[in-house]
2 protein chains.
Amino acid sequence: MRSTSRTEAFPAHTPAASQIFTTVLSHGPLTRSEIAARTRLSAAAVTKAVRPLIEAGYLLEDVDEDARQPSLGRPANPVLVDGGRALFIGVKMTGDELIAVLTDLCCRIRVARHVPLTTHDPKAVLASTAALVQELLTEADGFGVRVQGLGIAVSGDVDRAAGVVRYSPFLEWRDVPLAELAAMTTGLPVTVDNDVRALTVAEQWFGAGVGLSDFAVVTVGAGIGCGLVVHGQVVSGAHGVAGEIGHVAIDPAGPLCHCGNRGCVEAIAADSAIVGKVREVTGVQVADAAAALDLAHEGDPGAREVYARAGEAIGRGIATVANLLGPERVIISGEGLAAYDLFAEQIRDAFAAAAFGSAARCDVQTRPLPFEEWARGAAATAIQSFIRSDTY
Amino acid sequence: MRSTSRTEAFPAHTPAASQIFTTVLSHGPLTRSEIAARTRLSAAAVTKAVRPLIEAGYLLEDVDEDARQPSLGRPANPVLVDGGRALFIGVKMTGDELIAVLTDLCCRIRVARHVPLTTHDPKAVLASTAALVQELLTEADGFGVRVQGLGIAVSGDVDRAAGVVRYSPFLEWRDVPLAELAAMTTGLPVTVDNDVRALTVAEQWFGAGVGLSDFAVVTVGAGIGCGLVVHGQVVSGAHGVAGEIGHVAIDPAGPLCHCGNRGCVEAIAADSAIVGKVREVTGVQVADAAAALDLAHEGDPGAREVYARAGEAIGRGIATVANLLGPERVIISGEGLAAYDLFAEQIRDAFAAAAFGSAARCDVQTRPLPFEEWARGAAATAIQSFIRSDTY
DNA sequence: GTCCCTTATTTTCTGCTGTCAATGAAAGAA
DNA sequence: TTCTTTCATTGACAGCAGAAAATAAGGGAC
């Protein structure tokens, strides 16, 4: 993360304060005793850590008299995060567009924008980004609150700590020091991370991964990606790459993948693989994933079979993750979920069949993924950096 | 872990002391400044934490004048762990024998024993274990040092925290509170863990995993197992099961596995799978894995082909782990390594082909596995519990 | 041999975090 | 009104770890 001017520091200087704030952020309004129980701190520590956060305006005492349950003893006094206290911008860079959102501290989207990208040249992309960020900063002025950070999500090999995009196939970038560059052009502290990991952070703090120490996010769409949380931390891998479920090979006799192997999950279930296979099987020259989907929804048996195969591949991939890591939950998401009705059953069946023993007890969920969600993940990484900036 | 009498507490009451001791334990003799650098503590903190450990006899000042490098300034004063300060017993329970070792604090084996098991009845197994432990306790008396803990490794689903064997297929046990039972019969603090995880702990603290925050141990033999370390911690999975690389399915057209699926790594590369396939291919009714290995070593092309297939399966399984977790290193071990010359090349080739991008940078090593090694892993878990007993 | 330089270790002091135990606050119940 | 219950706060305190300065232990220059 690179920091410049105009942003303030988050007043959680101790591990306890940081932990408490994160707990309240994820688990909604909590009384001080509930916080103490969850964080395993003493009530006194909570009181002391909460005060400066309230004084700084990041936490609010919830004085909602109506919602109070009549009960014995002194009424509890819940605190919650004032989402409006700070704003963040998240940008998702794809090969052909930029998606940006303005979110509050609770990662609720306030404004969303997207612009097409006509070139992959880092300078030009950076200029477009700066313009888009500027637009959102102007919007933010309307809320009267400062934007405290910018998160950027890029697919590929990204080194978050260094703020460098090591290699991005879609953008054709190598070793671009994006955080530094974007910090210079926007004047904001910048966090750069891999797109799937960013989405995973959003789920971990604000989504279906709240409170879980081990879960996985699987995204289905143009590619098949996977974000992993183990021991409560997002897995980045020793070499910056992890969660490559798309290139888990499940069938040596399967179709050739662009990575050179046969039978990768991505070679069977990614959008382009499905489109190709639908064309081959049905003879209909469907233009894109949406057209292929329409054909299947119209009842074309060949197309439906292709989706069934894709579902099976995804289910087997998820089972592999479950067998190796034993997560508590797997969250399936992504644009490809539009076809969920066509392969849900196959995913579940293949998962159930291939998951070994207790691994099958893993809860497999699906979550629709609005198009701004990737950008929201980027914003979540910015929020994370903001909250931890002093502590870690 | 259950604790009774006759054992002392480890005098590392602070996280810093615990971390320092573990660092010295794993990284051999270190000077105080090296310790400070590694642990990122101040030199002052190291001095203060080291003193009580030296006073208690767990650390020694290394006064080896000869080994001292002539250099400028005050000579450094390395400290090292006094392995002889405490003894531990590790027991590996298999379906047909008990293997036990007496180790010192540095997990060096002092004495090893094994006895056959004739029944799986928990009471009888426990009695045999108690007798074996008693034998080693007698041996330990000869060293004049107390045994401070007992570690037991069992294959299957084991809840270390609760000390309960949830399910062990080979022993046909369900929900056996082994730690409690063994603590009662032996009078020692007992740690029970899954066998592969125990081996992984041994590698993490005393083997090829020292200093790595992300690595995997893959065992090849009667089964194919995998222990994972992510973020410096052994992965147990939300439901107590993780690392089931043996049931990662790599070929839907592969042989049927006892788990009901086709093409599991274990159905191709486990001892019994290899023996079965060698019989089928060569027509020779080899009696066991050793006989199959002999046949292949004699040059029988059919048998060699079976081993090549097994190597390929293992390599693909490892690549799957690497793709998902991006470990820094994979350590291949196990009794099956006797055939290493027959499938090493295939493992490497299959791994290299199926590993995606940076995941291929993962260092794949092999380590011979003496038969007492499983029991040593159990002892390592006991050492871990002993050192952490007060702190965690 | 003495002095100086360098590096390692220890000492002393200090700040700060989180716990403990006692106290205050706000309700319903007797 | 007073008691009980539960939640929250306060102030004293213990303990950890860091900073800076002091001390230790060599080698080398003179």
Side-chain angles (χ1 to χ4, degrees), chain A residues 9-24 27 29-55 59-80 388 390-392, chain B residues 9-24 27 29-55 59-80 388 390-392:
Chain A
F10 184 71
H13 303 279
T14 83
S18 192
Q19 197 193 353
I20 288 171
F21 188 78
T22 309
T23 305
V24 178
H27 295 88
L30 288 175
T31 70
R32 289 172 175 76
S33 5
E34 287 167 336
I35 297 173
R38 271 190 199 278
T39 58
R40 300 189 173 194
L41 291 166
S42 67
V46 174
T47 291
K48 273 182 280 196
V50 162
R51 193 185 346 260
L53 289 170
I54 287 181
E55 277 167 9
L59 291 181
L60 295 175
E61 300 241 35
D62 184 7
V63 280
D64 184 356
E65 306 287 344
D66 311 328
R68 196 165 276 172
Q69 302 287 329
S71 77
L72 224 55
R74 174 176 172 172
N77 217 351
V79 293
L80 49 80
R388 291 185 175 167
D390 285 335
T391 324
Y392 293 66
Chain B
F10 184 71
H13 303 279
T14 83
S18 193
Q19 197 193 354
I20 288 171
F21 188 79
T22 309
T23 304
V24 178
H27 294 87
L30 288 175
T31 70
R32 289 173 176 76
S33 355
E34 286 167 336
I35 297 173
R38 272 192 198 278
T39 58
R40 300 187 172 194
L41 290 165
S42 67
V46 174
T47 291
K48 273 180 286 192
V50 163
R51 196 187 339 263
L53 289 170
I54 288 182
E55 278 167 9
L59 291 181
L60 295 174
E61 300 240 38
D62 185 8
V63 281
D64 184 357
E65 305 288 343
D66 312 328
R68 196 165 277 173
Q69 301 286 330
S71 77
L72 229 53
R74 174 177 172 171
N77 217 350
V79 294
L80 49 79
R388 291 184 174 169
D390 286 334
T391 324
Y392 294 66

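Naming: A, B, ... by sequence-line order, numbering from 1 per chain.
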(request) Taking all heavy atoms of A76(B) and all of T31(B), pick out the closest pair and write down the distance. (result) CB-CG2, 3.2 Å

(request) Sequence neighbours left out, what passes side-chain contact (heavy atoms from CB on, under 4.5 Å) with L60(A)? Give chain and number order. (result) L80(A), D82(A)

(message) At 4.0 Å (heavy atoms only), tell me whether S33(B) reaches a base, stays on the sugar-phosphate, or touches nothing.
(response) sugar-phosphate

(request) Write down the distance between CZ (R40(A)) and P (dT17(C)), rounded to a whole number of angstrom. (result) 23 Å

(message) Can you tell me how far apart CD1 (I20(B)) and CG (L59(B)) are? Round to the nearest 0.5 Å.
(response) 9.0 Å

(message) What is the distance, to the nearest angstrom, from the CD1 atom on I35(B) to the C1' atom on dT9(C)?
(response) 12 Å

(request) Please state how far atom CD in E61(B) lies from atom P in dA8(C), giving the value in whole angstrom units. (result) 15 Å

List, one per line, each side-chain donor-acceptor pair under 3.5 Å for residues 39-49 of chain A, sequence neighbours excluded.
{"unit_1": "T39(A)", "atom_1": "OG1", "unit_2": "I35(A)", "atom_2": "O", "d": "2.8"}
{"unit_1": "T39(A)", "atom_1": "OG1", "unit_2": "L41(A)", "atom_2": "N", "d": "3.4"}
{"unit_1": "S42(A)", "atom_1": "OG", "unit_2": "A45(A)", "atom_2": "N", "d": "3.2"}
{"unit_1": "T47(A)", "atom_1": "OG1", "unit_2": "A43(A)", "atom_2": "O", "d": "3.4"}

(message) Need one value for A45(A): base, sugar-phosphate or nothing, where a base atom within 4.0 Å counts as base even if backbone is also close, heavy atoms only.
(response) base

(message) I need the T22(B) OG1 to Q19(B) CD distance, nearest 0.5 Å.
(response) 8.0 Å

(request) Check side-chain contact (heavy atoms from CB on, under 4.5 Å) between R38(A) and all other residues, then give those that pass, not counting sequence neighbours. (result) T23(A), H27(A), L30(A)

(message) Could you work out how much the helix from dG1(C)-dC30(D) to dA30(C)-dT1(D) bends, comparing the axis of its first five pairs with that of its last five, to 10°?
(response) 20°

(request) Strictly below 4.0 Å, heavy-atom distances to any atom of DNA chain D: list the hits from residues 47-55 of chain A, or just say none. (result) T47(A), K48(A), R51(A)

(request) Go through dA17(D), dT19(C), dT9(D) for me and flag the one nearest to the L41(A) side chain. (result) dT19(C)

(request) Locate the shortest heavy-atom distance separating E61(A) from N77(A); write the atom from each residue and the value. (result) OE1-ND2, 3.2 Å

Please list each protein N or O that sits under 3.5 Å from an N or O in nucleotides 21-24 of chain C, with the distance.
{"unit_1": "dG24(C)", "atom_1": "N2", "unit_2": "R74(A)", "atom_2": "NH1", "d": "2.3"}

(request) Could you check how far CZ of R32(B) sits from P of dT23(D), rounded to whole Å? (result) 19 Å

(request) Using atom CG of N77(A) as one end and atom P of dA8(D) as the other, report the distance to the nearest whole Å. (result) 6 Å

(message) Can you tell me if T14(B) touches the phosphate of dG15(D), counting only side-chain N or O atoms and a distance under 4.0 Å to OP1 or OP2?
(response) no

(message) Of the options dA17(D), dT10(C), dG18(D), whose atoms approach the side-chain atoms of P15(B) most closely?
(response) dA17(D)

(message) Can you tell me which nucleotide in dC7(D), dG18(C), dA17(D) comes closest to the side chain of A76(A)?
(response) dC7(D)

